[in-house]
Amino acid sequence: MIYEVFRQERKGQPLQHAGSVEAADDHFADVYAREQYGRRGESTALWIVPRSAVLEIHEFVDELNRNYHRVDGYPLKEKLKEARERAASAKSAGALSAGKD
Amino acid sequence: MHEKVQNTLLEIADDELILGWRDSEWTGIAPLLEEDVAFSSIAQNEIGHARALYELVARERGTTADALAFDRSPDEYRCAPIVELRLLDWGQTIARHYLYEEADAIRLERLKQSGDSEVAGLASKIDREEAYHRMHAQMWFDRLQGEPRFTAALDELRPQTTALLDSELRGEHTSELTELWEEMTMVRRSQPTGTKW
């Protein structure tokens, strides 16, 4: 059986995937994971999870191409640039009109 | 330190050194990668324990840990025959490992009661590492329990474990110790006179 091992480096930090061990059962997985990921003071906690217990998701359907739902689907950079330019020209226009008075 | 205490420490150190060498013979060929790492690490720990024990005795005797480990003749070693055996069967190796850890736990408890605080302190330190070895031995024991090959190995080796706990019962060395000694001390014996490590 393959077990995925998650390791916490310091208390309060999130557990992060460290690697995997092959073991006959939970007991072996416990001992092997300690050996490989915990015996040298490198971890404060381990999570050992049978790979079969991991729910996997690989596909993220976006049939209607609603890219504005995605973090990269709504580029702000250009819009910000335009907004800044607009703001700058409004300001200089304001300064000009103020000068006329 | 009393001569008798020194001899007891030497017995244990020799057991740990020789067993460490024997166990390390599985490095690279253990049944699976994870076990290879775990068992090699145990072998290395045993040799580390031997070194710490040799250092205590060496200081009393005005010599060094290396000299005690490698400069004696095979018949001067005090190890028990059970650790000398070159076991080629994994089941037998695990049987010995299990039986050894069982006896070693009793032995370390005795040392922890020692009036010599240095001896007691070292025993506690070693015991903390041995706890991991015992966990490893127990897991294999549980797994192989009832397997005929493993049961036969336990039956065959168990009578030899009494020597681990009693100097009087250590008896004669096996011929396998001589072969191991040749290999173990080869590099040190090849050192030209005058060179220093």
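Residue numbers start from 1 in every chain, and the chains themselves are labelled A, B, ... in the order their sequence lines are given, proteins ahead of strands.
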Next on the checklist: Please determine whether the number of non-hydrogen atoms from other residues, nucleotides or ligands lying under 6.0 Å from atom CD of B/Gln44 exceeds 12.
Outcome noted: no
Checklist entry - Given the rule in the side chain to side chain contact (heavy atoms under 4.5 Å, CB included) test, do B/Trp140 and A/His27 qualify, once you have shown the distances and angles that lead to the verdict? => result CA-CA 9 Å; B/Trp140 273 104; A/His27 196 174; over 6 Å; no
Next on the checklist: Checking B/Asp142 against A/Phe28 for the side chain to side chain contact (heavy atoms under 4.5 Å, CB included) test, could you report, in this order, the C-alpha distance in whole Å, the side-chain angles of both residues, the deciding distance, and whether it holds?
Outcome noted: CA-CA 10 Å; B/Asp142 294 345; A/Phe28 275 69; over 6 Å; no
Item to check | Whether over 12 other heavy atoms sit under 6.0 Å from B/Arg61 CZ | outcome: yes
Next on the checklist: I'd like to know whether CD of B/Glu76 has more than 12 heavy-atom contacts from other residues, nucleotides or ligands below 6.0 angstrom.
Outcome noted: yes
Item to check | B/Arg189 atom CZ: more than 12 heavy-atom contacts under 6.0 Å | outcome: yes
Checklist entry - Under 6.0 Å from the six-membered ring centre of B/Tyr132 and within 45° of its axis: does the NZ or CZ of A/Arg39 meet both? => result yes
Checklist entry - Would you find more than 12 non-hydrogen atoms of other residues, nucleotides or ligands less than 6.0 Å from A/Glu85 atom CD? => result yes
Item to check | Structural part of A/Gln36 lying under 4.5 Å from a heavy atom of chain B | outcome: side chain
Checklist entry - Do the non-hydrogen side-chain atoms of A/Glu35 and B/His136 ever get within less than 4.5 Å of each other? => result no
Checklist entry - Under the side chain to side chain contact (heavy atoms under 4.5 Å, CB included) criterion, do A/Asp25 and B/Arg143 qualify, and how do the steps go? => result CA-CA 9 Å; A/Asp25 57 31; B/Arg143 187 78 187 175; 3.1 Å; yes
Checklist entry - By a 4.5 Å heavy-atom criterion (distance strictly below it), what part of A/Ala33 contacts chain B: side chain, backbone, both, or neither? => result neither
Checklist entry - If we only count heavy atoms from C-beta on, is the A/Tyr3 to B/Glu34 side-chain gap below 4.5 Å? => result no
